[in-house]
Amino acid sequence: MSDQNPYGQNPYGDKPQGDNPYGEQQPGSQPGYGYPQQPGGQAPGYGYPPQGGGQAPGYGYPPQGGGYAPPGAAYAADPSAPYGYDPYGRPYSDKSKVVAGVLQLFLGSFGVGRFYTGHTGMALGQLFTCGGCGIWALIDGIMLLAGDNPTDAQGRVLRG
């Protein structure tokens, strides 16, 4: 079988010049293929650190007085999670799970616990149905107190 295409032209373009079919630059050949050549024949960032007593960045001892906050400096909290994160990395809410559960148990027929957490649609549903005749409010209050991760309207986990 021959190497020629029956359609008369190579669909992949012209072959690179020289012996090397992959187009890599051979030592002493014309530039254009392969890695860019550096003076000294070595690519930047590889090999031994530069000679002359200087130290490569990122090695050895840190510079004096840098890297740590000065004593007495205030801790800058994450503005998106001012109350910290739970073990799964989700931010805590400013609302309390205990307060929401107790409000829902005692005033759940008015939807007060859900108004507190910011779930206004669910709170209005409880308000107009008198908390599902009290059953919905009771179960919702227990779920808020005993649930592993009840959330507020923004999806943040309620604090314990």
Any side-chain heavy atom of F115 within less than 4.5 Å of one from L103?
no
According to a hydrophobic-cluster definition based on side-chain heavy atoms being under 4.5 Å apart (Ile, Leu, Val, Met, Phe, Trp, Tyr only), do M143 and V99 belong together?
no
Between S109 and A137, what is the shortest heavy-atom contact and its length?
N-CB, 3.8 Å
Does NZ or CZ of R159 fall inside the cone over Y83's six-membered ring, less than 6.0 Å from its centre and within 45° of the axis?
yes
Would a 4.5 Å heavy-atom cut-off, applied to side chains only, mark L105 and L145 as touching?
yes
Are Y92 and R156 close enough that some pair of their side-chain heavy atoms sits under 4.5 Å apart?
no
In this structure, CG of L144 is separated from OG of S96 (nearest 0.5 Å) by 10.5 Å
Listed partners of D86 passing side chain to side chain donor-acceptor pair (under 3.5 Å), at least two apart
R90
First locate atom CG of L124, then atom CZ of F110, and finally report the distance between them rounded to the nearest 0.5 Å.
14.0 Å
Under a single-linkage definition using a 4.5 Å side-chain heavy-atom cutoff for Ile, Leu, Val, Met, Phe, Trp and Tyr, are F128 and Y116 assigned to the same hydrophobic cluster?
yes
More than 12 heavy atoms from other groups under 6.0 Å of CD1 on I142
yes
Any side-chain hydrogen bond (donor to acceptor under 3.5 Å, both in side chains) pairs touching residues 118-139, not counting sequence neighbours?
Q104-Q126, R114-H119, T117-H119, Q126-D140
With a 3.5 Å distance limit and no angle check, can you tell me whether K95 reaches the backbone of T151 through a side-chain donor-acceptor pair?
no
Could you tell me which non-hydrogen atom of V98 sits nearest to which non-hydrogen atom of G160, and how far apart they are?
CG2-O, 3.3 Å
From N149 CG over to L158 CG, what is the distance, rounded to the nearest 0.5 angstrom?
9.5 Å
Hey, is OH on Y85 packed in by over 12 heavy atoms from elsewhere, all under 6.0 Å?
yes
